[in-house]
Amino acid sequence: MKQTQISIVIPLLNEEGNIKVLYESLLPVVEKISADYEIVFVDDGSKDSSFDIITKISQLNKRVLGISLSRNFGHQIALSAGLEHASGEAVVMLDADMQHPPEIIVDLYNKYKEGFDIVNTIRTETADVGIFKKITSYYFYKLINRLSDIHIEPAAADFRLMNRKTVNAFLQMKEKDRFTRGLVSWMGFKQAQIEYIAPQRFAGKSKYSLLKMFRFAADGITAFSAKPLRVSFFAGIIVSFTGLLYAIYAIFQYFGGKNIPGWTSILVSILIIGGIQLISIGIIGEYLARVFNEAKNRPMYLVKEYTTSEEISTHV
Ligand code: UDP
Ligand code: MG
């Protein structure tokens with residue numbers, strides 16, 4: 001059996017307007033690197049004609065494999081599904097919307113040839129990103145870097161090259177709520193970074209809704225830090241201490257005979273304490289939900305079909 005030199009893994013959701021352009025610009029780049037390449041498209045439950053397009057491409061080019069997941073499992077899981085099916089010595093992952101320019105793969109590969117195990121990318125500029133996404137993303141990375149032991153570059157993207165050794169290591173991590181860039185940072189090994197400018201999405205709209213972005217952020221934080229769980233403890237101490245001071249004041253007032261009906265102060269303290277309690281329970285809930293998700297131990301994803309009738313095996 002011939003060894004695959006380089007695999008390209010592309011997770012996608014409803015990207016019918018991008019697949020052909022991506023494939024056509026990707027092909028000359030990878031063919032130049034090695035004739036022993038493979039392209040793995042992971043269709044993450046698209047409702048449009050994405051998988052038909054992938055099937056057609058795979059009929060023309062036997063080096064293209066399409067995997068259709070049984071439903072939408074999310075970008076991070078689709079990415080891992082692709083990694084599990086990739087057989088290359090070097091594996092590159094990139095988005096399907098042309099925001100990760102295929103030409104950069106040459107730079108990634110050159111770094112890998114220099115001896116790096118993982119080559120990450122950092123976008124120096126992203127065209128067409130709204131101010132809201134910029135601000136939320138900035139503060140999210142500040143928060144995660146402060147809360148957790150790992151470091152994540154604020155402009156990191158899921159556009160990177162990993163060698164066989166590190167792909168296998170990555171796939172040993174079976175957690176369901178996956179935050180790939182955190183896991184990669186946690187892994188260590190010899191990592192390098194290269195910069196690129198992210199152009200606008202070629203066609204279609206971003207598949208990260210506000211809700212998905214918040215889930216993604218919550219996964220990132222809960223997977224790498226238990227500190228939010230402890231916040232409630234400190235908040236509790238501060239609130240109780242203030243409460244104690246107020247109690248002393250109230251007792252003095254009582255003995256001083258100035259027993260004012262304290263409606264406002266009671267209402268304020270109930271609201272504050274109630275709010276802190278609800279937030280704390282919510283934080284515990286976030287962690288508990290993840291423990292629950294892991295405890296069920298369901299498979300990370302299910303495959304509906306492949307573009308080939310040959311038997312497919314995963315490479316881990
Ligand atoms: N994607 C996916 N499943 C999802 C959401 C997104 O496979 O549930 C894919 C999407 O098709 C694209 C990549 O993940 O190839 C990044 O998504 P997108 O470009 O929408 O994110 P953005 O660049 O806006 O952050
Ligand atoms: Mg994009």
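This is a predicted model, so every value here is computed, not measured. Atoms within a ligand are numbered from 1 in the order they appear, just like the ligands themselves. Positions are given from 1 along the sequence.
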Which heavy atom of the protein is the closest neighbour of [atom], given with residue, atom name and distance?
| atom | answer |
| --- | --- |
| atom 9 (C) of ligand 1 | P11 O, 3.8 Å |
| atom 24 (O) of ligand 1 | S206 OG, 2.5 Å |
| atom 25 (O) of ligand 1 | K133 NZ, 3.1 Å |
| atom 23 (O) of ligand 1 | Q99 OE1, 2.8 Å |
| atom 21 (O) of ligand 1 | Y208 CD1, 3.3 Å |
| atom 16 (C) of ligand 1 | D95 OD2, 3.2 Å |
| atom 3 (N) of ligand 1 | D44 OD2, 2.6 Å |

Does any donor atom in the side chain of [X] or [Y] lie under 3.5 Å from an acceptor atom in the other side chain?
| X | Y | answer |
| --- | --- | --- |
| D97 | N18 | no |
| Y301 | E84 | yes |
| R201 | S206 | no |

Give the single entry among E15, K205, H75, M98 that approaches atom 1 (N) of ligand 1 most closely by any heavy atom.
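Answer by nearest heavy atom: H75.
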Between L13 and ligand 1, find which residue part has any heavy-atom pair under 4.0 Å and reply side chain, backbone, both or neither.
both
Measuring centre to centre across the rings, with the benzene-like ring taken for any Trp, is [X] within less than 6.0 Å of [Y]?
| X | Y | answer |
| --- | --- | --- |
| H75 | Y208 | yes |
| Y249 | F252 | no |
| Y196 | F159 | yes |

Atom name, D97 (N, O or S, nearest to the Mg ion (ligand 2)):
OD2
Please check if atom OH in Y139 has more than 12 non-hydrogen atoms from other residues, nucleotides or ligands closer than 6.0 Å.
no
Would you call K20 and E24 a salt bridge, taking side-chain N to carboxylate O under 4.0 Å as the test?
yes
Between E15 and K207, does any side-chain N to carboxylate O distance fall below 4.0 Å?
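K207 and E15: salt-bridged.
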Answer yes or no: is there a side-chain heavy-atom contact under 4.5 Å between L94 and I8?
yes
Heavy-atom contacts with [X] under 4.0 Å: which atoms of ligand 1 show up? List them by number with element.
| X | result |
| --- | --- |
| N72 | 3 (N), 4 (C), 8 (O) |
| G74 | 3 (N), 8 (O) |
| A96 | 15 (O) |
| K212 | 4 (C), 5 (C), 8 (O) |
| R201 | 18 (P), 19 (O), 20 (O) |
| D97 | 19 (O), 23 (O) |
| K207 | 5 (C), 6 (C), 18 (P), 20 (O) |

The test is salt bridge (charged side-chain N to carboxylate O under 4.0 Å, His left out); show your working for K165 and D117 and say whether it passes.
CA-CA 8 Å; K165 182 172 67 182; D117 296 313; 3.5 Å; yes
Of the backbone and side-chain N, O or S atoms of Q99, does one lie nearer to the Mg ion (ligand 2) than 2.8 Å?
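Within the cut-off used here (under 2.8 Å), Q99 does place an N, O or S atom near the Mg ion (ligand 2).
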